[in-house]
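Along the sequence shown, the residues carry numbers beginning at 1. FYI, side chains are in, hydrogens and waters are out, and symmetry mates aren't considered; it's all heavy atoms of this structure.
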Amino acid sequence: MKRVDDFRLKLGNKEYVPIMIGGMGVDISTSELALEAARLGGIGHISDAMVQDVSDRKFDTTFVKDKTKLYKFNINNMNKAVVQFDLDRLAEATRLHVGSTMEAKKGDGLIFVNCMEKLTMNAPKETLRTRLSAAMDAGIDGITMSAGLHLGSFELIKDHPRFRDTKLGIIVSSVRALQLFLKKVSRLDRLPDYIIVEGPLAGGHLGFGIDDWKQYDLHTIMDEIHVFMRAQGLDIPVIAAGGIFTGSDAVGFLEKGAGGVQVATRFTVTHECGMPDHVKQEYFRASEEDIIVNGVSPTGYPMRMLKSTPAIGSGIRPGCESYGYLLDATGNCAYINSYNREVQASPDGKNIAVFDKTCLCTHMRNFNCWTCGHTTYRLKDTTHRLADGSYQILSAQHVFEDYQFSVDNAIALPPKQETAA
C-alpha cells in the first residue's frame with residue numbers, strides 16, 4: 001500500500017513532499033507552522049489577513065494604534081468611506097511579516113503567503129497590488145490567491161521583477177472558475193504554477209452556495225478538472241483540498257493524478273498553530289452536530305464554523321477605524337448595515353445583537369470566530385484525553401509525518417503526556 005511519501009509535488013525543476021498546509025488567518029497559520037512544513041520538505045502558508053495587526057503583535061509596531069488615532073473622529077459615523085489604509089505602511093507591515101519568516105526558513109520546502117481577494121480594504125485594487133508586491137519584495141516563495149477569483153491579480157503585478165520567479169497559484173472550487181481565470185490571464189503569457197481545488201468540506205470561506213454545498217464532492221470536482229486539464233494540454237500541478245483527514249485520504253487523490261494535497265484542520269490543534277489553547281480544546285470537544293455552515297461573513301461567502309463561536313450574534317460596534325479590512329470600494333461593509341439596523345431598532349443601545357452578519361475583522365483578530373473544517377469533530381481521535389479532561393496538543397511535525405507515512409487510514413497517536421502542557 002502506498003504512502004504520501006511515495007509521491008512528490010513538482011514545482012518548476014524541484015520536487016517536494018506533496019503536503020501543503022493551508023493558509024489560515026488571522027495568524028492562525030503562523031510563521032512557526034509554515035516554517036515546520038518547509039523544514040520537513042513540504043509547503044507551508046502564512047496569511048496576510050490583517051497583516052498590520054499581526055505585525056503589531058510580532059514586532060511591537062503601532063500600525064493599528066496609529067490608524068485608530070488618525071480616524072478616531074469617525075468612530076461614531078455610520079459612513080466609513082473616509083477610512084483608508086496608508087499603502088506605504090501596509091507594505092511595511094507585509095514586508096516585516098513575510099521577510100522575518102523567510103529569514104528564519106530552513107529545510108528544502110517552501111513558504112507561501114495566502115492572499116484573500118475579499119480583503120478589499122476600501123481600495124480593492126490598490127491594496128491588493130500593495131500586498132502582493134510587498135510579499136514578493138520580501139522574498140516569499142509563492143503566493144496563493146484565495147477568497148475570490150482574482151481575475152485581475154496577475155495584471156496588477158505583471159511588472160514586478162519577480163512576477164515570473166515567484167510561484168503563483170489560485171484556489172478554485174469548479175472547472176468553470178478555473179476556466180474564467182485561465183482565460184483572463186492568457187494574454188499575459190503567465191499561467192499559474194499550481195491550482196488548488198477546494199472541495200465543500202473545507203474550513204472557513206467556501207466556494208459553494210450556502211444551501212447546495214452538500215451536493216458537491218471533491219473527488220468529482222478533481223476528476224472534472226483533470227479531464228479539462230488534459231483536454232487543454234495543461235501540465236500544471238492540481239492540489240486537492242478540503243476534508244483530507246488521513247494519509248490514506250491523500251493517497252486516494254495522489255494516485256488519481258493530484259500533484260499534492262492541502263490540509264489544515266489537523267494542524268489547528270498543534271502547538272505551532274496561532275489559536276489560543278482554550279479554543280483548540282473547543283475544536284477537540286466538537287461533535288459533528290456542532291459544525292455548521294452559515295452566512296454571517298460580510299464577504300458574501302458561506303463560512304463553516306463551530307456553532308458556539310462567540311462571533312455569532314455579537315453586537316460589537318464595527319471596528320473599521322482600527323481595522324476595516326472588509327470595507328468595499330465605497331467604504332461599505334455588510335456588517336455595518338446590519339449593525340446600524342439593530343441600533344436603529346434599539347435606540348437605547350442596550351442588548352444589541354446581530355445574527356445575520358458578524359464583524360469578521362474584530363472577531364478574527366480576537367480569535368472569537370471559530371472557523372473550522374468539516375472533519376474537526378474527528379480531531380479528538382488523533383490524540384489522548386488527559387486526566388483533567390483536556391486533550392493533548394500535538395506537534396506540527398507529528399501531524400505532518402503522520403500524513404506522510406501512514407497507511408490503512410491509520411492515525412498515529414503521540415507519546416502520551418501525564419498532564420496538559
Go through the structure and list residues passing ring-ring contact (aromatic ring centres under 6.0 Å, His included) with Phe181, not counting sequence neighbours.
-> Phe154

Applying side-chain contact (heavy atoms from CB on, under 4.5 Å) to Ala38 and not counting sequence neighbours gives Lys105, Ile111

Of all residues at least two apart in sequence or in a different chain, which pass the salt bridge (Lys or Arg N to Asp or Glu O under 4.0 Å) check with Glu255?
-> none

Heavy atoms of Asp53 and Arg57 approach each other most closely as OD2-NH2, 2.7 Å

If a pair satisfies side chain to side chain donor-acceptor pair (under 3.5 Å) and one of its residues is in residues 395-410, list it, with sequence neighbours excluded.
-> Asp5-Gln404, Arg39-Gln397, Thr246-Asn409, Arg266-Asp402, Gln397-Glu401

What pairs with Phe7 under ring-ring contact (aromatic ring centres under 6.0 Å, His included), at least two apart in sequence or on another chain?
-> none

Give every residue pair that meets the ring-ring contact (aromatic ring centres under 6.0 Å, His included) criterion with at least one member in residues 31-84, sequence neighbours excluded.
-> His45-Phe112

Ser297: partners by side-chain contact (heavy atoms from CB on, under 4.5 Å), with sequence neighbours left out = His205, Thr299, Met303, Leu360

Salt bridge present between Lys256 and Asp223 (N-O < 4.0 angstrom) | yes

Contact list for residues 368-384, test side chain to side chain donor-acceptor pair (under 3.5 Å), sequence neighbours left out | Glu288-His374

Considering residues at least two apart in sequence or located in another chain, which fulfil the ring-ring contact (aromatic ring centres under 6.0 Å, His included) criterion with His226?
-> none

For side chain to side chain donor-acceptor pair (under 3.5 Å), just list the numbers for Asn332 and Thr330, CA-CA rounded to whole Å, side-chain angles, deciding distance to a tenth of an Å, and then say yes or no.
-> CA-CA 6 Å; Asn332 193 38; Thr330 64; 5.3 Å; no

Residues passing the ring-ring contact (aromatic ring centres under 6.0 Å, His included) test with Phe267, sequence neighbours excluded, are none

Name all residues meeting the side-chain contact (heavy atoms from CB on, under 4.5 Å) criterion together with Ser322; count only those two or more places apart in sequence or in a different chain, and write none if there are none.
-> Val64, Thr68

Qualifying residues under salt bridge (Lys or Arg N to Asp or Glu O under 4.0 Å), relative to Arg385, sequence neighbours excluded | none

